[in-house]
Structures are given as C-alpha cells and as structure tokens.
Protein chains: 2
Amino acid sequence: MNQHKEGEPDDRKPSRKIADELRHAIETGELAPGSKLQSERELAEKHGTARNTARAAIQLLAEEGLVTPEHGRGVFVRKQQPLIRLGNDRYSHKYRGTGLSPFLLECAKQGKTGRFEVLSIERIQPPADVAERLGVSDKTKSVLRRENVFWADDDPVQRVTTYIPWTLARGTGLLQEDIPHQYGIHGVFEDKGHVMHRIREEISARMPRAEEARHLRTPPGVPVIDVLHTSLDQTGNAYELTRFVMRADMTGLLYDVPVE
Amino acid sequence: MNQHKEGEPDDRKPSRKIADELRHAIETGELAPGSKLQSERELAEKHGTARNTARAAIQLLAEEGLVTPEHGRGVFVRKQQPLIRLGNDRYSHKYRGTGLSPFLLECAKQGKTGRFEVLSIERIQPPADVAERLGVSDKTKSVLRRENVFWADDDPVQRVTTYIPWTLARGTGLLQEDIPHQYGIHGVFEDKGHVMHRIREEISARMPRAEEARHLRTPPGVPVIDVLHTSLDQTGNAYELTRFVMRADMTGLLYDVPVE
DNA sequence: ACTATGAACTGGCTTGAGCCAGTTGGACTG
DNA sequence: CAGTCCAACTGGCTCAAGCCAGTTCATAGT
C-alpha cells in the first residue's frame, strides 16, 4: 500500500504521499469507481496531517480527473462512462433526408435520452477566424449564427455553434428554432447549389473557459474538445462552419477515412 | 476593472474576486501573453487577503490554462503557441518512400527543430483494447511494441506507441532503433501484402496520467489528446495500431476527408 | 575577466484554527 | 403516515504564520 522503498528516506511531500496512496488504491480497483473516499478530516487524521494537506492531496487527484468532490456529500472516484462517439460519417449521405440525428442515435445506443436546446439565432458580425474560413470579406452582420446545446439525459454534452453566410441563409427558414441543428439544414444548401463534398475539421483540446464550464457543467479536471468544422462543396468552397465544444468526459470522435 | 455591479453586495469569495480581476486583465490584453503577474504576496496585500487566498486565485487560473506558475520566477500569462497540426494526410501516399516525416515538416514550418527518441522496443503481451482491435487472439507476447517520444526544440510533444502483430514484425528490422517511427515502416507491410487502405482513429481528451505528465512535462491545466489509430488494408484487416498521446497546448489534429 | 557567495526575491507546501454551506437521516410533530 | 426540523456529517474557503526550495543578480574574492 505504501509506495516508498524500504530503507530510503521518503522525501515526498505529505500531500503527494496521500495522493499517491489514493491513486494507487484507485488504479488497483481497491477503491471502485463511484465509491466514496474517506472524508478530508479522516484522511488528515489517519496520516497525521492538517486537513488542508489532505485537501490538497484530493485536489491533485481532482486535477488528474480521477476523483470528483461533491459539496456536502463526499469525494467520489469518477467512473468513466462510455463516450458518445461522433464520427465523420455523421455527415454521410445515408443520413440525409432521413430525419435521423447521429447524436441522438448514439445517445439511444447507450440508453440515454438525447435532446437539444436552441440558445440563440442571430445575424451577427463574424469573428475573425470564422470570417477567414468562410471567405466572408464584408464583415457587417454578414453571417447567421445559431447556438445549440445538446443534452444526454440531464447532462449538457456539447455546445454547437453554426455560422452560415447571410447570403445563403436569408429566406430559408433557418431562423426557425424547430430545425434540429445542422442535420436538417443541408437540403437548403443543396437547393442553392452547394452539395457537401468534403469536410475539414480542426481539432484541439483545452480546459473550458469559465463560461463554457458553466454551460457544460464540467467537473474540475475535465477538458473540452474543440472542433472547428467546415463544409466544402464540389468546388472547394466553404459554405458553412460549425464549432463544437464537447465535454471530453462524455464524448469522443471517430474518423474512418480512406488513405488518399 | 472591478467586475461587480454598483449597489449590489459583492458576495463572491475573495479568491474568485481576485481570479476574475486577473482573468479580465488577461482577456483584455492588459496583461499580455508572456508577462509576469504580481507576486502572490503583492496580490494578497493589494486585496487585503492572506497569501493563501491569492494563491488559490492563481490556481483557479492555472486550472483554466490561462497562467503558468514557475517556481522561483513568478506566474506568467500563458502564450498560446501555434499548434503543430497533424492531418490525416500524414499517412498519404505522397509521403511514402520519400523519407519525409509530416511531424518534422510541421516543426520546420514553425522554425522548430523536431526530433524523436526511442524509449523502448519490446515484444509483449498486448493490452486488451489493443488485442481486440488488432484481432490478436493469442495473447502470449504476440505483439511488438515500440514507444517513441517526439520533441520540438526542447519540448516533448507527443508519445507514440506502436503495436504490430509479432507474426508481421518478425525478421523485418523493425526492432532497429534507427527506423524513424512509423513513417519508415509501411513498406514492410506492403511487402507482406498489407497496403494501407483506410485509417480509423478514435479520439478523446483527458488530463494526463501522472506518468504521462512527467514524460511530456505538461504544465498544470494542459490536457492531452489521446488518439487510437488503426491502419486497415484492402480487406478491412487491422494490421497495425498506434496510440498517440499529445500535449494539447502544442498539437492539434486536422482531418480533410471526403463525405461518403 | 572569471567565479563563488549570498541576500532578496519568487512560488511550494504545511500547520491548526475557524466559519460557511450543502446533504443526510433520524426524531419529533401534526 | 407525511411532513418538518435539526444535529451531525460532508466539502469550500479563509486566515496568519512559518519554513523550504528554486531563481536572480549584485558583490566580493580570486
């Protein structure tokens, strides 16, 4: 149980020592996922340290994402749930016109109820990175922005922001809230001569901004995956851009693509 | 500068108040990337709090990835560097046999010197997820594992672990340390009748495990991107598997793929 | 011109005390 | 029996003090 070799002086800081011991117990399954740790006060007494020190140890584990403290209840070993995997096939032709949403299908596959919520639909001035990728030169309120949040049961899972050049979006009904995200809108683009031919997705990960953490209710120690998606038509023209900000503890990505 | 509305009582915790003020200064550019914050002791005195409280504020920002404390030097606003973007075209035929490595090319593009280091090459018993995806049923030391670390200048950037069924790897020279990662090895597979036809990549993000944080020297508040790559031949057979663990503050992914 | 020393700064970590705010479950009340 | 209330638990946060360990740089000694 104790990590240090006999004979050698153990010069680890007390907080690290407690953290190492707990981590070891978690990794060996001695502390099962979902189970409750000893309370801060108990840990402190057991190791002969101040409560602050036990607390620091727990924070170390929380930062690694191993553990989630819950105010008034205790500290729990995080159980990693199966990820909702969004694949590049979510834009596949096979879904077009079926009314099926890959996100909702994935939720169903895991016995969860998926839904989405429209935060806002506005005609705005695009941020620089969006304007650049959409090739929008005139910046004055030239894009339609639609902001959705997707839920699985009672957890917000991803925030989806779609940008569409206003010239494409005008008079299409895209302002209506009952169009289920981008899965229902691609017909509109085809009517205007833009058939989705390729997609380009720039992926990065980071800790959530304060506002994103509020929206997505991410526990501490959970990063987000940030996907900047661009839809290209046959001529390589970008006609639609979507930014996904996804909770990394609930979602993942899957690409199954040909080698070119 | 102060975030709270006049007249209303400001019931934010002192640590959050300090953090909010600093965050605001960072977001407005008042505190430029790379610049040094006031010391913990100064911040504490300025806000009339204990040093612990100023310290807690800084830790909040560090968890968000806005700031990096450096022992003995100070706390600095993190400057986000351009990401080294690895695309799905890194497996493209255009690189085959050229000796060019997309990773090293990306480094060069940013004026950095890329190199790689071989941690280990061993014949081992595969972990369950690897065995499953490779379709290896006999688990006894049936795969070759090769572990590399890629560097850009003096920063470790990604840890790359390649698994190859031993039946494929035997007698191929893959045990040699001077083969530059997987970029040089695909010819071997073609000799054995496995031409790379599709790739399948499962992507997730998380905080680094303690050991990964040591290897990659990730500052606190920096997650890793975890990519499980599988190479498939014409018959859909998985003949090679590679796991990338990448520092999210230095690397990103790019997929430019056809819609099928 | 070089090197060694050390003071004065930085963050890292701990102590032990206290109060606040959610949560839980049992006892008491209608 | 259903509800209310409260004690005892949980983590959240703060204080004021102290010591340790890196870093930096001016100064003193070669």
Side-chain angles (χ1 to χ4, degrees), chain A residues 4 9-22 31 34-78 210 213-214 217-221, chain B residues 4 9-22 31 34-78 154 210 213-214 217-222:
Chain A
H4 87 275
D10 187 353
D11 56 355
R12 286 176 301 172
K13 312 280 179 190
S15 60
R16 279 215 41 171
K17 226 159 84 176
I18 300 178
D20 287 348
E21 182 181 315
L22 289 171
L31 277 168
S35 63
K36 190 159 90 170
L37 270 59
Q38 286 178 293
S39 76
E40 294 178 352
R41 289 169 238 259
E42 282 169 339
L43 280 173
E45 193 187 4
K46 176 173 151 194
H47 291 85
T49 69
R51 201 209 345 157
N52 275 345
T53 303
R55 191 172 168 68
I58 287 172
Q59 207 188 344
L60 285 177
L61 299 177
E63 278 167 29
E64 294 174 36
L66 288 179
V67 119
T68 316
E70 293 181 25
H71 189 175
R73 309 216 316 122
V75 181
F76 297 85
V77 180
R78 187 178 296 161
R214 258 206 328 279
R217 299 192 197 151
T218 50
Chain B
H4 84 277
D10 187 354
D11 56 356
R12 287 177 302 172
K13 311 279 179 191
S15 60
R16 281 215 40 173
K17 226 159 85 176
I18 300 178
D20 287 348
E21 183 180 315
L22 289 171
L31 277 169
S35 63
K36 188 158 92 170
L37 270 59
Q38 286 178 293
S39 76
E40 295 178 351
R41 290 159 171 86
E42 283 169 337
L43 280 173
E45 194 187 4
K46 177 173 151 195
H47 291 84
T49 69
R51 193 187 139 206
N52 273 346
T53 304
R55 191 172 169 67
I58 287 172
Q59 207 188 345
L60 285 176
L61 298 177
E63 279 167 27
E64 292 174 36
L66 288 178
V67 119
T68 318
E70 292 181 25
H71 189 176
R73 308 216 319 120
V75 181
F76 298 84
V77 180
R78 185 174 302 160
D154 297 318
R214 258 205 328 276
R217 298 191 199 152
T218 49
V222 171

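Residue numbers begin at 1 in each chain, while the letters A, B, ... track the order of the sequences. All heavy atoms count here, side chains included; hydrogens, waters and symmetry mates do not.
- The side chain of A/R51 lies closest to C/dC19, out of C/dC19, D/dC19, D/dA16.
- Taking only distance into account, the side chain of B/R16 never meets the base of D/dG12 through a donor-acceptor pair shorter than 3.5 Å.
- When the P atom of C/dG12 is taken as reference, atom CD of A/E63 falls 11 Å away, rounded to whole Å.
- Residue whose closest nucleotide on DNA chain C sits further toward the 5' end, between A/P14 and B/G74: B/G74.
- Residues B/K17 and B/H47 fail the side-chain proximity criterion, which asks for heavy atoms closer than 4.5 Å.
- When the C1' atom of C/dC9 is taken as reference, atom CZ of B/F76 falls 12 Å away, rounded to whole Å.
- Counting to the nearest Å, the P atom of C/dC13 and the CZ atom of B/R41 are 14 Å from each other.
- Taking the nucleotide of DNA chain D with the nearest heavy atom to each of A/K13 and A/I58, the more 5' of the two is matched to A/I58.
- Computed from coordinates, the B/E40 CD to C/dC13 P distance equals 11 Å when rounded to whole Å.
- At the phosphate of C/dG12, OP1 or OP2 sits under 4.0 Å from a side-chain N or O atom of B/R55.
- At whole-Å resolution of the value, CG in A/N52 and C1' in C/dC19 are 13 Å apart.
- Listed for the B/R55 side chain is no donor-acceptor partner under 3.5 Å among the backbone atoms of B/E40.
- Rounded to whole angstrom, the span from the CD1 atom of A/I18 across to the C1' atom of C/dT14 amounts to 11 Å.
- When rounded to the nearest whole Å, the span between NE2 of B/H71 and C1' of D/dG22 equals 4 Å.
- When every heavy atom of B/A57 is checked against every heavy atom of B/S15, the shortest pair comes out as CB-O, 3.3 Å.
- Taking only side-chain nitrogens and oxygens, B/R73 comes nearer than 4.0 Å to OP1 or OP2 of D/dT24.
- Here the straight-line distance linking atom CG of B/D20 with atom NZ of B/K13 works out to 13.5 Å at 0.5 Å rounding.
- Residue A/T53 places at least one side-chain N or O under 4.0 Å from the OP1 or OP2 atom of C/dT15.
- Evaluated for a side-chain contact (heavy atoms from CB on, under 4.5 Å) with A/L22, the options A/L66, A/L60, A/V77, A/L37 yield exactly one hit, A/L37.
- Residue A/R12 contributes atom CZ, which lies 20 Å from atom P of C/dG12 at whole-angstrom precision.
- Phosphate proximity of D/dC13 to B/S15: absent, as no side-chain N or O sits under 4.0 Å from OP1 or OP2.
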